[in-house]
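I have placed the structure first, in the form of structure tokens, so that the comments after it can refer back to it.
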Number of protein chains: 2
Amino acid sequence: MSVEDGIDFAIIELFFFAYRDFTSDPDQILADYGFGRAHHRVLHFVNRRPGLTVAELLDVLKITKQSLARVLKQLIDTDHVVQLQGPRDRRQRELYPTAKGRALALALARPQSRRIHAALEDAGAAERTLVERFLEAMVNPELRAQIDVGSAKMSGKNHGEH
Amino acid sequence: MSVEDGIDFAIIELFFFAYRDFTSDPDQILADYGFGRAHHRVLHFVNRRPGLTVAELLDVLKITKQSLARVLKQLIDTDHVVQLQGPRDRRQRELYPTAKGRALALALARPQSRRIHAALEDAGAAERTLVERFLEAMVNPELRAQIDVGSAKMSGKNHGEH
DNA sequence: GATATTATGTCAGTACTATTGACGTAATTT
DNA sequence: AAATTACGTCAATAGTACTGACATAATATC
């Protein structure tokens with residue numbers, strides 16, 4: 001079972017290797033744009049939750065406003081993301097991907113998706129669900145609310161919170 | 001299914017959240033030592049594969065010699081890791097954890113292991129195997145050799161390659 | 001034995017991602 | 001009117017990573 005001292009080193013290590021290679025695919029694409037992983041994360045969530053505010057984005061990414069600033073500015077300057085004044089609260093800036101931003105987000109997600117499909121190749125729907133449950137259970141319980149991802153909550157094209 | 005444009009955004013995002021929280025536990029402990037995630041990774045692999053050489057470590061971590069230098073030096077200076085001259089090739093430096101290093105490695109792994117166990121709480125052995133297979137399949141095929149982790153190859157306390 | 005090559009260490013310079021703290025502005029709430 | 005909120009920005013710093021260059025000792029090769 002490879003458990004020494006009651007510690008599950010096997011999955012700890014597998015998780016490290018899996019994530020290392022999972023992020024290596026988009027990293028290569030990002031390099032062509034002069035972007036880094038931070039840009040990817042921001043673009044991903046803006047694409048996935050169009051209209052989310054700066055504060056919401058900070059909460060999801062668990063970084064500070066100052067860390068986000070440079071990255072977001074670059075994405076805006078390169079026309080991947082646009083800011084719109086919040087309709088209810090004009091202090092808020094709602095973030096939306098441009099067509100260019102959506103295209104890049106898609107290009108970055110494609111190799112990752114391919115890798116996932118390959119890993120689940122001869123797995124059935126039940127096994128897929130199991131992997132999803134495992135990953136979700138690895139997230140801090142109080143933060144699972146952030147994952148509306150593919151749950152019943154969200155059936156249309158838009159997310160729930162604006 | 002939450003698949004837009006044929007892209008599996010659900011698992012992509014879950015993987016991000018899961019890894020973010022998975023690394024957050026040891027991060028807090030590391031802060032007390034003035035260490036970062038890089039120290040954790042080095043200490044983990046030195047602990048797991050005692051006697052591995054600097055070159056092997058660089059290959060596993062996929063970083064450069066210069067990046068490793070500072071981190072490894074700090075771990076040696078703080079008596080968490082020792083270097084021994086290679087017995088066959090005296091140019092090589094074999095890396096071993098000290099008792100102090102093993103204790104820290106264990107302390108860092110404990111919350112991660114707890115998180116994994118909790119996530120697999122009501123899963124049987126078959127489901128556990130499935131998760132392991134999925135994570136392993138996410139790793140680049142040519143790099144799977146690095147994972148001796150818990151496979152049949154390694155049954156004793158030592159690793160295979162020295 | 002002279003000459004590669006290898007394993008490691010180190011120096012200098014740079015980049016990216018992140019941090020904390022402080023301050024400013026506009027909009028909303030009390 | 002005053003406090004709070006949402007956001008932006010400036011300055012300073014840290015951790016992790018990079019490339020390139022050079023040095024040393026040990027091993028391998030011709």
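Residue numbers begin at 1 in each chain, while the letters A, B, ... track the order of the sequences. Fair warning: this is a prediction, and the values are worked out from it, not measured in the lab.
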- prompt: Can A/Arg128 and B/Asp8 be counted as an ion pair, charged N to O under 4.0 angstrom?
  reply: yes

query: Below 6.0 angstrom between ring centroids: does that apply to A/Phe15 and B/Phe134?
result: no

query: OP1 or OP2 of C/dA27 sitting under 4.0 Å from any side-chain N/O of A/Arg93?
result: no

field: Cationic N near anionic O, under 4.0 Å, B/Arg48 to A/Glu13
entry: yes

- prompt: How close or far is atom P of D/dG8 from atom CG of A/Leu57, stated in whole angstroms?
  reply: 11 Å

- request: Please determine which of B/His44, B/His80, B/His40 meets the ring pair (Phe, Tyr, Trp, His ring centres under 6.0 Å) test together with B/Phe35.
  value: B/His80

- request: Please determine, for the side chain of B/Ala55, which listed nucleotide (C/dT8, D/dA17, D/dC7) has the closest atom?
  value: C/dT8

Distance below 4.0 Å between B/Thr64 side-chain N/O and D/dA17 OP1 or OP2: no

- line: Checking A/Asp77, A/Ile76, A/Val71 against A/Lys73 for side chain to side chain contact (heavy atoms under 4.5 Å, CB included), the one that qualifies is A/Asp77

field: B/Asp59 CG - C/dT6 P separation (whole Å)
entry: 15 Å

Give every pair of a protein N or O atom and an N or O atom of nucleotides 10-16 of chain C that lie under 3.5 Å apart, one pair per line with the distance.
none

- prompt: A/Asn140 and B/Arg115: side-chain donor and acceptor closer than 3.5 Å?
  reply: yes

task: Just compare C/dT20, D/dC18, C/dT8 and give me whichever is closest to any side-chain atom of B/Gln92.
output: C/dT8

message: How many whole angstroms separate atom CG of B/Leu58 from atom P of D/dC18?
response: 10 Å

task: Could you state the atom-to-atom distance from CG of B/Leu84 to P of C/dT8 in whole Å?
output: 13 Å

- request: Write down the distance between CG (B/Asp77) and C1' (C/dG9), rounded to a whole number of angstrom.
  value: 14 Å

query: How long is the line joining NE2 of B/His40 and C1' of D/dT16, in whole Å?
result: 16 Å

message: Does C/dT19 have OP1 or OP2 under 4.0 Å away from a side-chain N or O of A/Ser67?
response: yes

message: Between the base of C/dT6 and the side chain of B/Arg91, is there a donor and acceptor pair under 3.5 angstrom?
response: yes

- request: Under 4.0 Å between any heavy atoms, over every strand shown, what does A/Gln83 touch: base, sugar-phosphate, or nothing? Just pick one.
  value: sugar-phosphate

- request: List the steps, then state whether ring-ring contact (aromatic ring centres under 6.0 Å, His included) holds for A/Phe45 with B/Phe16.
  value: CA-CA 11 Å; A/Phe45 283 107; B/Phe16 166 74; 5.5 Å; yes

field: C/dT25 OP1/OP2 closer than 4.0 Å to side-chain N/O of A/Arg90
entry: no

- prompt: Which whole-number value in Å describes the distance from B/Asp89 CG to C/dT5 P?
  reply: 17 Å

query: In whole angstrom, what separates A/Glu56's CD from D/dT5's C1'?
result: 14 Å

